[in-house]
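The block underneath contains the structure these notes are about, expressed in structure tokens.
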Amino acid sequence: MQSAVLHSEMLVGGGTWSHVLKRGTSLRITDTEGNANVAAYFLNFENPSERFNLPDTLKAQHTAKLRADHVLFSDMGRVLCSITDDTVGWHDPIAGMSNAALIEKKYGKTTYQESRNGWYQNARDGFLVELGKYGMGPRDLHATVNLFSKVVVDELGNINYVSDNSPKGSYIELRAEMNVLVLLSATPHPMDPDPEYHAKPVELSISRVPAPRSDDRCRNLCSENTRGFVMTELYFL
């Protein structure tokens, strides 16, 4: 799927990142050490009131996990991104993101003034900082997903975190079907039982990729996906 890499950088553990991923490009996120977690959020950059819709994404594709061939739907039924490649096989869309209270309760309180770059950061505050760069705030932050992490639901409805889901070198590739504002936070999963704060780095690579063809696997996974691609293409006419 990838063509020549246009840009590559590291997102440090605990760090937050944002970028307008242009239609016709892809973002590959690689877990360079293993057992990373990356909280992710997506909006239509040209109209930020159109944003990632988690319930529609799951029910349209009859899934409780994200993997290759799935797409991320907006709340207007269009496709924001497609998962064109994935070596993990299970990414968590259920457990949400960490916040300051959760991080302090699990790991203790630190500040940048005391710990510098080693301070314990959380996904929610990081996302709000990034959203502020584009004139947005708390009202614009909705459901997120956790890349590289896995949670399962047992027969009693209990949600359980599964450790060691992502081996070193695992990656996921997202193809932008619109001009998508992508926000990422390399902070621990909110259900990670590790008593120590271990935020892992990931590598980010952006490449130019061809437009999806009529036989594209993401497009043809189900009828809802096909309709989503048609609506997205009409948006650009």
Side-chain angles (χ1 to χ4, degrees), residues 7-21 27-43 52 54 66 81 86-88 90-134 136-138 140-151 161-174 180-206:
H7 174 75
S8 182
E9 65 178 280
M10 294 296 298
L11 174 59
V12 299
T16 309
W17 180 88
S18 64
H19 177 75
V20 181
L21 191 65
L27 171 66
R28 177 172 290 194
I29 308 169
T30 303
D31 181 356
T32 57
E33 295 185 3
N35 299 317
N37 179 75
V38 177
Y41 185 52
F42 310 88
L43 308 94
F52 173 60
L54 177 61
L66 295 174
C81 292
D86 170 39
T87 64
V88 182
W90 190 306
H91 302 268
D92 162 42
I94 296 174
M97 61 187 143
S98 62
N99 57 38
L102 182 148
I103 293 295
E104 181 176 346
K105 181 178 179 180
K106 290 181 68 174
Y107 307 112
K109 185 174 182 178
T110 63
T111 65
Y112 176 76
Q113 289 75 14
E114 295 172 344
S115 304
R116 297 302 180 186
N117 291 335
W119 69 299
Y120 300 162
Q121 301 183 67
N122 69 86
R124 178 176 171 79
D125 286 347
F127 281 153
L128 292 178
V129 170
E130 294 302 316
L131 286 171
K133 298 175 182 179
Y134 303 91
M136 291 179 277
D140 301 294
L141 182 57
H142 292 254
T144 59
V145 300
N146 290 297
L147 305 178
F148 302 108
S149 292
K150 179 178 181 178
V151 299
Y161 178 83
V162 178
S163 299
D164 302 322
N165 182 58
S166 175
K168 178 179 179 180
S170 299
Y171 63 84
I172 180 173
E173 188 164 333
L174 303 169
V180 181
L181 176 57
V182 179
L183 284 72
L184 304 176
S185 175
T187 45
H189 190 280
M191 295 181 65
D192 189 341
D194 191 339
E196 302 292 329
Y197 183 93
H198 289 143
K200 301 294 187 69
V202 292
E203 182 180 15
L204 309 175
S205 300
I206 298 172

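All values below were derived from every heavy atom in this structure, side-chain atoms included, with hydrogens, water molecules and symmetry-related copies excluded.
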Give a yes-or-no answer on whether the side chains of [X] and [Y] include a donor-acceptor pair shorter than 3.5 Å.
X      : Y      : value
Ser149 : Asn37  : yes
Ser18  : Tyr134 : yes
Asp86  : His91  : yes

_Can you tell me which residue among Leu183, Val145, Thr144 is in a side-chain contact (heavy atoms from CB on, under 4.5 Å) with Phe52?_
Val145

*With side chains defined as the heavy atoms from C-beta onward, is the minimum distance between Leu43 and Met136 less than 4.5 Å?*
yes

Looking at every non-hydrogen atom in both residues, tell me the closest pair between [X] and [Y] and how far apart they are.
X      : Y      : result
Asn99  : Leu102 : OD1-N, 2.8 Å
Ala186 : Val12  : CB-O, 3.6 Å
Ala95  : Val151 : CB-CG1, 4.4 Å

Ignoring hydrogens and geometry, is there a side-chain-to-backbone donor-acceptor pair from [X] to [Y] under 3.5 Å?
X      : Y      : answer
Tyr41  : His142 : yes
Glu203 : Thr30  : no
Thr111 : Glu114 : yes

*Spacing of CG belonging to Leu204 relative to OG belonging to Ser8, to within rounding of 0.5 Å*: 7.5 Å

